[in-house]
Engineer: 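My questions all concern the structure below.
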2 protein chains.
Amino acid sequence: MTFVKADVPADEQHVAMELGLLFDQIRQVLGNEEWGGLRPSHLRVMGFVPPAGTSITELAVQVGMTKQGCGQFVSQLVDTGHLVVEPDPDDGRVRLVRRTPAGDSATRHLAARLAQVERGWAAQVGDRRYRTFRRVLDELAHGRA
Amino acid sequence: MTFVKADVPADEQHVAMELGLLFDQIRQVLGNEEWGGLRPSHLRVMGFVPPAGTSITELAVQVGMTKQGCGQFVSQLVDTGHLVVEPDPDDGRVRLVRRTPAGDSATRHLAARLAQVERGWAAQVGDRRYRTFRRVLDELAHGRA
DNA sequence: TATTGTTATACTCTATAACTATA
DNA sequence: TATAGTTATAGAGTATAACAATA
């Protein structure tokens with residue numbers, strides 16, 4: 001057998017690059033669609049709001065961002081009618097964040113759209129291999145050994 | 001068997017979230033280390049410069065960014081001594097970009113560091129499963145069916 | 001005319017610091 | 001004093017537009 005450039009792959013991409021490329025596929029899919037004025041980042045934040053509602057500080061922890069940044073997204077999502085903010089009866093400092101029906105609808109729509117993207121991926125590489133990919137991704141992302 | 005919240009996983013993360021989390025693990029590893037003043041984005045751009053050199057416009061295509069943005073990174077990498085720019089003898093418009101020995105060294109260091117991160121991941125989920133994960137990622141990222 | 005690379009500008013996302021109002 | 005949330009500000013990363021130099 002003859003190897004040409006055997007140890008210098010034509011495709012010298014790194015793991016990081018490939019993770020980024022796959023991530024961008026989703027961003028592009030969502031970015032090219034109409035989401036009621038919401039960008040992918042809005043959808044991400046909104047998806048973390050639990051049905052029972054939560055505070056901005058707690059939401060920030062869940063999403064993994066600062067409360068300042070989180071507050072900005074919440075303000076924008078209130079403006080677009082996807083979230084509502086009420087005072088917390090138990091603590092005057094807290095502003096309780098909840099999804100509106102429009103927010104619920106967009107959140108469901110997002111989940112369905114992502115599932116559709118994943119079905120496309122599974123079709124590309126095979127259901128069995130994609131399931132392994134997905135489980136490993138889940139374990140690695142959450143640091144579960 | 002009793003299922004509590006069986007269809008509402010405690011962990012309601014999406015694929016996009018998990019891809020982002022894994023990507024962030026790498027960014028944090030690199031961001032917390034000393035890379036001669038380079039940020040992860042610099043390392044990424046530098047990694048695409050071929051040994052024979054290339055133009056800024058061509059490099060931008062390879063990296064997947066605009067030539068304007070690419071030109072900025074190249075300027076910074078020239079300032080840090082990781083890249084050099086020479087006029088192209090065949091085309092007066094082109095500025096030929098090459099890595100310096102320092103640039104080569106940092107690029108090799110990056111490849112080794114990423115391989116180390118991947119070995120850690122493989123240890124978490126098992127070599128066999130990680131290999132499948134890696135191959136599927138590669139196929140999906142590059143759109144190969 | 002077309003292309004390389006620049007400067008100028010703006011937008012998204014994230015981060016820190018300083019402030020207010022409640023507790 | 002500690003915490004919830006705000007405003008102000010800055011930086012990284014990316015994008016478009018307009019331009020100069022060369023082909």
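Just so we're on the same page: letters track the sequence lines, and every chain starts at 1.
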Engineer: Base, sugar-phosphate or nothing for B:Gly92? Non-hydrogen atoms, less than 4.0 Å.
Structural biologist: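 If one applies the 4.0 Å heavy-atom cut-off, B:Gly92 turns out to touch the sugar-phosphate alone, with no base involved.
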
Engineer: Are a donor atom and an acceptor atom from the side chains of A:Gln72 and A:Gln68 found within less than 3.5 Å of each other?
Structural biologist: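 No, because no side-chain N or O of A:Gln72 sits under 3.5 Å from a partner of the opposite role on A:Gln68.
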
Engineer: What's the closest nucleotide to the side chain of A:Lys67 if the choices are D:dA15, D:dG5, C:dA21?
Structural biologist: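 For A:Lys67, the side-chain atoms sit closest to D:dG5.
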
Engineer: Say whether, by atom type as modelled, one donor and one acceptor occur between the side chain of B:Arg99 and the main chain of B:Met46 under 3.5 angstrom.
Structural biologist: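 Side chain of B:Arg99 to backbone of B:Met46: a pair is present.
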
Engineer: Could you check how far CD of A:Gln68 sits from P of C:dC19, rounded to whole Å?
Structural biologist: 14 Å

Engineer: Below the 4.0 Å mark, does C:dG5 have OP1 or OP2 next to a side-chain nitrogen or oxygen of B:Thr57?
Structural biologist: yes

Engineer: Kindly determine whether A:Val117 and A:Gln25 satisfy side chain to side chain contact (heavy atoms under 4.5 Å, CB included), including the steps that lead there.
Structural biologist: CA-CA 9 Å; A:Val117 170; A:Gln25 284 187 26; 5.9 Å; no

Engineer: Base, sugar-phosphate, or nothing for B:Asp91, non-hydrogen atoms under 4.0 angstrom?
Structural biologist: sugar-phosphate

Engineer: Is there a side-chain contact between B:Thr100 and B:Leu83, using heavy atoms and a 4.5 Å cut-off?
Structural biologist: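 Side chain of B:Thr100 against side chain of B:Leu83, heavy atoms only: no contact under 4.5 Å found.
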
Engineer: Report, one pair per line, the protein and nucleotides 10-13 of chain D atoms (nitrogen or oxygen only) whose separation is under 3.5 Å.
Structural biologist:
{"from": "D:dA12", "atom 1": "OP1", "to": "B:Arg39", "atom 2": "NH1", "distance (Å)": "3.2"}
{"from": "D:dG13", "atom 1": "OP1", "to": "B:Ser41", "atom 2": "OG", "distance (Å)": "2.8"}
{"from": "D:dG13", "atom 1": "OP2", "to": "B:Arg39", "atom 2": "NE", "distance (Å)": "2.8"}
{"from": "D:dG13", "atom 1": "OP2", "to": "B:Arg39", "atom 2": "NH2", "distance (Å)": "3.1"}
{"from": "D:dG13", "atom 1": "OP2", "to": "B:Ser41", "atom 2": "OG", "distance (Å)": "3.0"}

Engineer: How many Å lie between CD on B:Gln72 and P on C:dT7, as a whole number?
Structural biologist: 9 Å

Engineer: Whether the A:Gln124 and A:Tyr130 side chains hold a donor-acceptor pair (N or O, under 3.5 Å, no angle test) is what I'd like checked.
Structural biologist: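 The criterion, which ignores hydrogens and geometry beyond distance, is not satisfied for A:Tyr130 and A:Gln124.
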
Engineer: Is the centre of the B:Trp35 ring less than 6.0 Å from the centre of the B:His109 ring?
Structural biologist: yes

